[in-house]
Amino acid sequence: MDPIILHDWSAFAIRWLHVVTAIAWIGSSFYFIALDLGLQKAPGLPEGAHGEEWQVHGGGFYHITKYLVAPARMPEHLTWFKWESYATWLTGVAMLAVLYWAQSELFLIDPAKWALAPWQAILISAGSLVVGWVIYDFLCKSPLGGNPTTLMVLLFVLLVVMAWGYDQVFTGRAALLHLGAFTATIMTANVAMIIIPNQRIVVRDLKAGRKPDPKYGKIAKLRSTHNNYLTLPVVFLMLSNHYPLAFASRYNWLIAALVFLMGVTIRHFFNTKHARKAWPWWTWGVAVALFLACVGLSSLGTQRLPEEERLTTAQARLTADPHFEQVRDIVLGRCSMCHAAEPSWDGIATAPRRIVLETDAQIARAAREIFVQSGLTDAMPPANVSFMEPEERAAIRAWFASGARG
């Protein structure tokens with residue numbers, strides 16, 4: 001099996017797992033937030049119970065009671081909600097490694113911003129996720145932890161700074177994706193490092209016959225609330241790599257900042273609704289206004305594209321290959337009307353996936369994508385709108401196989 005075919009199928013399988021586990025995590029998170037907000041006081045509740053909720057689903061009724069700290073007696077069967085979060089983060093990191101670290105010269109490094117070696121870019125990528133959690137955790141454990149509103153404002157500032165910082169180092173596509181990974185790492189670390197350990201302390205106290213300290217539940221609730229408000233922006237950022245108007249805009253970092261505000265307003269609407277309060281319809285007006293602002297920012301220009309690109313040894317081999325001249329003519333004739341700094345195809349505002357194919361260096365840099373998308377498969381051009389012939393696809397395959405062998 002060709003390693004490239006195995007790589008792409010591995011990426012597909014990991015993405016599938018990531019989506020499935022993310023659905024499970026987000027679903028359970030949203031459910032428990034809605035459940036918590038909908039709890040009602042009622043006569044006859046057990047001692048220590050905070051509230052109850054009646055729900056109907058699947059042909060039956062559910063009667064749910066929440067204890068603010070813990071019940072007087074430990075139940076025999078206790079379900080822990082943690083693996084959804086862990087699996088989502090692990091598959092996300094696997095995707096980051098397969099798609100961005102393994103293809104750093106194509107998707108991660110932007111020579112026009114910073115001519116990094118692959119190992120340097122990967123080190124910054126991984127290190128930033130760890131540093132982000134350390135800073136966030138420090139803020140939460142500082143005296144600011146007692147002021148949730150101030151803490152959320154500082155968290156927003158941190159995210160905006162990281163959005164700008166990532167955009168100074170990586171490609172636009174990688175910048176927004178890393179901001180999503182940065183935020184998701186904070187969310188999963190909240191579960192693994194704070195929420196679950198605090199719950200275990202309460203369980204140990206119950207088993208030992210001690211009265212649990214309510215502070216552990218309060219701390220866990222704060223981190224859970226942060227996760228609730230960060231979820232929608234993370235989903236947007238993970239999808240953004242499919243939409244160049246988001247990631248390839250000159251102001252992509254500012255678009256990301258507005259998306260965080262949009263996510264907060266949308267979650268505020270649903271949280272208020274679940275709490276059975278007056279529905280704050282104004283939040284949708286704010287969300288629409290923020291979305292229109294994102295649309296406006298995306299039209300103010302694309303990021304500066306590299307004027308000169310230094311070729312790696314492998315890329316130089318591809319441009320020196322005897323088949324290259326023929327492939328270059330094919331690419332310029334069949335692909336470059338869309339994959340250009342200023343696309344000429346109607347309806348295309350920026351080069352798809354920000355891959356520009358106008359120079360020898362750019363074609364060599366995207367050789368693997370050209371091979372997979374137009375040589376191994378007929379994914380590109382879409383619907384074969386530029387009428388690429390089978391012989392031309394065969395020429396691309398021959399060029400890549402020859403150039404890769406050297």
Side-chain angles (χ1 to χ4, degrees), residues 1-19 94-110 118 171-174 177 238-239 241-244 247-248 309 311-321 323-340 343 345 348 350-406:
M1 293 289 287
D2 192 307
I4 291 177
I5 295 176
L6 292 175
H7 177 273
D8 272 35
W9 273 106
S10 297
F12 191 3
I14 294 169
R15 186 185 297 273
W16 186 19
L17 286 172
H18 186 55
V19 170
M95 279 189 63
L96 186 65
V98 169
L99 296 177
Y100 286 85
W101 295 353
Q103 302 179 89
S104 58
E105 292 181 328
L106 179 61
F107 293 132
L108 187 59
I109 300 170
D110 188 339
T171 65
R173 185 173 187 257
L177 192 284
M238 294 309 181
L239 294 175
N241 64 91
H242 299 287
Y243 297 93
F247 72 75
E309 297 180 72
L311 296 178
T312 64
T313 302
Q315 291 164 355
R317 250 196 337 258
L318 287 163
T319 59
D321 188 83
H323 299 85
F324 180 72
E325 186 173 346
Q326 179 187 7
V327 169
R328 178 181 57 203
D329 292 340
I330 294 169
V331 171
L332 292 177
R334 307 297 190 189
C335 310
S336 293
M337 65 284 292
C338 295
H339 289 279
W345 192 273
I348 301 293
T350 58
R353 300 179 73 178
R354 199 172 173 263
I355 297 175
V356 177
L357 303 174
E358 296 181 308
T359 68
D360 291 1
Q362 290 166 346
I363 293 171
R365 188 175 170 85
R368 186 185 182 283
E369 289 297 298
I370 294 170
F371 171 61
V372 173
Q373 300 282 339
S374 300
L376 279 180
T377 70
D378 59 1
M380 290 290 164
N384 204 20
V385 292
S386 59
F387 306 105
M388 185 177 286
E389 300 291 341
E391 295 79 10
E392 293 174 321
R393 297 186 189 278
I396 290 172
R397 293 195 296 272
W399 162 66
F400 189 81
S402 175
R405 286 197 305 268

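By convention here, the first residue in the shown sequence is residue 1. Below, each value reflects all heavy atoms present in this structure, side chains not excepted, and no hydrogens, waters or symmetry copies.
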Compare every heavy atom of [Y] with every heavy atom of [X], then report the nearest pair and how far apart it is.
X: V327; Y: A395; value: CG2-O, 3.7 Å
X: L357; Y: A366; value: CD2-CB, 3.7 Å
X: A340; Y: S336; value: CB-O, 3.2 Å

Taking side chain to side chain contact (heavy atoms under 4.5 Å, CB included) as the test, write out the residues that go with [X], two or more places apart.
X: H323; answer: D321, A398, W399, S402
X: P118; answer: S104, E105, I109
X: M337; answer: S344, W345, S386
X: M388; answer: I330, R334, C335, S374, P381, N384, E392, R393, I396

_For a 4.5 angstrom cut-off between non-hydrogen side-chain atoms, does F324 reach I363?_
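Sidechains of I363 and F324: in contact.
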*Can you check whether L96 reaches L177 side chain to side chain, under 4.5 Å on heavy atoms?*
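Yes. Closest side-chain heavy atoms under 4.5 Å.
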When rounded to the nearest 0.5 angstrom, what distance separates [atom1] in [X] from [atom2] in [Y]?
X: R365; Y: F107; atom1: CZ; atom2: CZ; result: 10.0 Å
X: M380; Y: I355; atom1: CE; atom2: CD1; result: 8.5 Å
X: L99; Y: L108; atom1: CG; atom2: CG; result: 11.5 Å
X: D360; Y: Q315; atom1: CG; atom2: CD; result: 12.0 Å

*Set of residues satisfying salt bridge (charged side-chain N to carboxylate O under 4.0 Å, His left out) with respect to E358, sequence neighbours excluded*: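 With neighbours one apart ignored, the set is empty.
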*salt bridge (charged side-chain N to carboxylate O under 4.0 Å, His left out) involving R368 - partner list, sequence neighbours excluded*: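 Scan of R368 (salt bridge (charged side-chain N to carboxylate O under 4.0 Å, His left out), adjacent residues dropped) gives D8.
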*Y100: partners by ring-ring contact (aromatic ring centres under 6.0 Å, His included), with sequence neighbours left out*: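 Here no residue qualifies.
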*Identified side-chain contact (heavy atoms from CB on, under 4.5 Å) partner of V98 from the options R15, Q103, H7*: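 Of all the options given, the one that passes is H7.
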